[in-house]
Protein chains: 2
Amino acid sequence: MSRKNACSAEEAAGREVCTVLDVLGRVSGKWSLGVLSETTRGPVRFAELERSLNGISRRILTLTLRQLEENGLLTRTVYPTVPPKVEYTATDQARELYARLTGLTAWAARHSAAAPHADAP
Amino acid sequence: MSRKNACSAEEAAGREVCTVLDVLGRVSGKWSLGVLSETTRGPVRFAELERSLNGISRRILTLTLRQLEENGLLTRTVYPTVPPKVEYTATDQARELYARLTGLTAWAARHSAAAPHADAP
DNA sequence: CAGGATCCGCCACGATACTG
DNA sequence: CAGTATCGTGGCGGATCCTG
């Protein structure tokens with residue numbers, strides 16, 4: 001979960017790059033996109049995410065959720081029930097961003113290249 | 001420069017996520033976007049990049065260039081002159097991808113939120 | 001000038017145990 | 001159930017030195 005991105009220097013034209021870097025930094029975690037994918041479909045509980053994202057550890061899941069929340073991409077709702085219940089939902093901003101990101105698959109489709117094997121009809 | 005992204009598991013809906021992850025992985029380096037930014041403007045020499053991207057080390061620059069080249073995002077042209085001369089240029093694929101990525105700044109503009117200070121026009 | 005070879009520090013990620 | 005607290009690890013990135 002990369003946090004800091006001061007965009008320390010680069011050149012003048014780098015302002016744009018800097019912004020892009022910042023945006024990508026907000027979903028930089030290995031599982032961030034997976035979490036967004038799940039939470040975009042509707043409210044999801046912690047344990048659900050833990051199962052959906054097969055292989056993620058509790059710690060990383062927590063950190064990822066916190067990061068996304070900090071960046072205004074996730075809404076955390078706590079139900080003060082006796083066994084705790086917490087739901088996470090993607091914000092509108094997150095949905096927009098996620099849409100733009102999945103839009104990259106269009107690019108990937110047009111250039112299936114460089115892939116280890118690929119398919120190619 | 002993260003290379004491997006087996007997208008080991010996740011869930012079914014994760015295919016999309018997997019693809020996005022793969023695309024982002026191709027420009028994952030700390031300086032990859034900076035390099036793309038420069039090479040998109042036209043052919044650039046190694047030393048030029050080294051200066052433009054202030055703070056980058058020779059090794060990382062080389063690795064970044066190699067990665068981008070491997071992924072078909074950069075064209076490497078060697079001129080067999082006596083002092084070596086090598087030029088790097090972004091491919092069309094790279095320009096397309098870079099355009100989509102800079103498109104993220106639009107999103108960032110609409111949600112200046114979460115930034116340390118800033119917001120409210 | 002362009003880049004290979006080394007050595008090293010740091011941080012994201014992972015595995016596990018414990019708790020309200 | 002939903003986390004927090006600890007400890008360990010791999011690999012990216014940085015600093016140099018050397019060469020065709």
Side-chain angles (χ1 to χ4, degrees), chain A residues 1-10 21 24-35 38-39 43-71 74-89, chain B residues 1-10 21 24-35 38-39 43-71 74-89:
Chain A
M1 244 76 51
S2 63
R3 191 93 323 290
K4 25 91 150 334
N5 171 21
C7 232
S8 44
E10 304 201 5
L21 243 33
L24 293 182
R26 301 181 186 198
V27 292
S28 59
K30 181 179 177 182
W31 303 91
S32 298
L33 287 178
V35 170
E38 297 299 317
T39 55
V44 194
R45 300 186 57 174
F46 189 92
E48 283 188 83
L49 285 169
E50 197 176 355
R51 269 190 301 279
S52 302
L53 310 169
N54 216 323
I56 195 174
S57 67
R58 273 186 179 74
R59 196 179 83 93
I60 295 305
L61 177 53
T62 302
L63 289 178
T64 302
L65 291 169
R66 294 281 178 274
Q67 183 203 3
L68 294 174
E69 192 189 355
E70 271 181 38
N71 290 65
L74 277 190
T75 303
R76 193 178 111 111
T77 313
V78 183
Y79 298 88
T81 57
V82 52
K85 176 179 175 181
V86 181
E87 281 184 345
Y88 293 90
T89 316
Chain B
M1 245 77 53
S2 63
R3 194 83 326 292
K4 28 98 148 334
N5 171 21
C7 232
S8 43
E10 304 201 4
L21 243 32
L24 293 182
R26 301 182 187 196
V27 293
S28 59
K30 181 179 178 183
W31 302 91
S32 297
L33 287 178
V35 170
E38 297 297 317
T39 55
V44 195
R45 300 186 58 175
F46 188 91
E48 284 187 82
L49 285 169
E50 197 176 356
R51 267 191 303 279
S52 301
L53 310 171
N54 216 325
I56 194 174
S57 67
R58 274 185 180 74
R59 195 178 82 93
I60 295 304
L61 177 54
T62 302
L63 289 178
T64 303
L65 290 169
R66 293 283 178 273
Q67 184 204 3
L68 294 174
E69 192 188 354
E70 271 181 38
N71 291 65
L74 276 190
T75 302
R76 193 177 109 109
T77 312
V78 183
Y79 297 88
T81 58
V82 54
K85 176 179 174 182
V86 181
E87 281 184 346
Y88 294 91
T89 316

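Residue numbers begin at 1 in each chain, while the letters A, B, ... track the order of the sequences. Computation of the quantities below employed the complete heavy-atom set of this structure, encompassing side-chain atoms and omitting hydrogens, waters and symmetry-equivalent molecules.
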Colleague: Please report the distance, rounded to the nearest Å, between CG in A:Leu61 and P in C:dT16.
Modeller: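 Atom CG in A:Leu61 sits about 17 Å away from atom P in C:dT16.
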Colleague: B:Tyr88 has an atom OH; how far is it from atom C1' of C:dC1, in whole Å?
Modeller: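 Checked: the OH to C1' distance equals 11 Å.
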Colleague: Find the distance B:Glu69:CD to C:dA2:P and express it as a whole number of Å.
Modeller: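 About 15 Å, once rounded to whole Å.
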Colleague: Please give me every residue in residues 77-87 of chain B whose heavy atoms get under 4.0 Å of an atom in DNA chain C, ordered by residue number.
Modeller: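 Heavy-atom cutoff 4.0 Å gives B:Pro84, B:Val86.
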Colleague: Please name all residues satisfying side-chain contact (heavy atoms from CB on, under 4.5 Å) with B:Leu65, sequence neighbours left out, ordered by chain then number.
Modeller: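 Here the qualifying residues are B:Val35, B:Phe46, B:Leu49, B:Leu61, B:Leu74, B:Tyr88.
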Colleague: Check every strand shown and say whether B:Thr62 touches a base, only sugar-phosphate, or nothing at a heavy-atom separation below 4.0 Å.
Modeller: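 Answer is sugar-phosphate: B:Thr62 comes under 4.0 Å of backbone atoms only.
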Colleague: Could you list the residues that satisfy side-chain hydrogen bond (donor to acceptor under 3.5 Å, both in side chains) with A:Glu87, not counting sequence neighbours?
Modeller: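 Expected list: A:Tyr79.
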Colleague: Could I get the full list of side-chain contact (heavy atoms from CB on, under 4.5 Å) partners for B:Pro84, not counting sequence neighbours?
Modeller: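 With neighbours one apart ignored, the set is empty.
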Colleague: In whole angstrom, what separates A:Glu50's CD from C:dC13's P?
Modeller: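 Rounded to the whole Å, the gap is 17 Å.
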Colleague: Drop me the distance from A:Leu24's CG to A:Ser32's OG, to the nearest 0.5 angstrom.
Modeller: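 Reported to 0.5 Å precision, the distance equals 11.0 Å.
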Colleague: CD1 of B:Ile60 versus C1' of C:dC8: gap in Å, rounded?
Modeller: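 Checked: the CD1 to C1' distance equals 13 Å.
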Colleague: Atom NZ of A:Lys30 and atom C1' of C:dG14: how far apart are they, to the nearest Å?
Modeller: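 Distance, rounded to whole Å: 8 Å.
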Colleague: Specify the separation, in whole Å, of atom CG of B:Leu63 and atom P of D:dG14.
Modeller: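 So the two atoms are 11 Å apart, to the nearest Å.
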Colleague: Rounded to whole angstroms, how far apart are CG on B:Leu49 and P on C:dA2?
Modeller: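 That distance rounds to 9 Å.
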Colleague: Could you list the residues that satisfy side-chain contact (heavy atoms from CB on, under 4.5 Å) with A:Ile60, not counting sequence neighbours?
Modeller: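 For A:Ile60, the residues satisfying side-chain contact (heavy atoms from CB on, under 4.5 Å) (neighbours in sequence not counted) are A:Met1, A:Trp31, A:Ile56, A:Ser57, A:Leu63, A:Thr64.
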Colleague: To the nearest 0.5 Å, tell me how far B:Glu48 CD sits from B:Leu53 CG.
Modeller: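 With rounding to 0.5 Å, CD (B:Glu48) is 11.0 Å from CG (B:Leu53).
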Colleague: Dump every N/O contact between nucleotides 15-19 of chain D and the protein below 3.5 Å, one line per pair.
Modeller:
residue	atom	partner	partner atom	Å
D:dA15	N6	B:Arg59	NE	3.4

Colleague: List for me each residue that meets salt bridge (Lys or Arg N to Asp or Glu O under 4.0 Å) alongside A:Arg58, sequence neighbours excluded, and say none if there are none.
Modeller: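 A:Glu50.
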Colleague: Under 4.0 Å between a side-chain N/O of A:Arg45 and OP1 or OP2 of D:dA2, yes or no?
Modeller: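 Looking at the OP1 and OP2 atoms of D:dA2, one of them is under 4.0 Å from a side-chain N or O of A:Arg45.
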Colleague: Using 0.5 Å steps for rounding, measure from the CZ atom of A:Arg66 to the CZ atom of A:Arg76.
Modeller: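 Going from the CZ atom of A:Arg66 to the CZ atom of A:Arg76 covers 4.5 Å.
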Colleague: Phosphate oxygens OP1/OP2 of D:dA2: is one of them under 4.0 Å from a side-chain N or O of A:Arg76?
Modeller: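 Result: no.
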Colleague: Please identify each residue that fulfils side-chain contact (heavy atoms from CB on, under 4.5 Å) with B:Val82, with sequence neighbours left out.
Modeller: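 B:Val82 satisfies side-chain contact (heavy atoms from CB on, under 4.5 Å) with no other residue.
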Colleague: May I ask you to evaluate whether A:Trp31 reaches the phosphate of C:dA12, defined as a side-chain N or O under 4.0 Å from OP1 or OP2?
Modeller: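 Indeed not, no polar side-chain atom of A:Trp31 lies that close.
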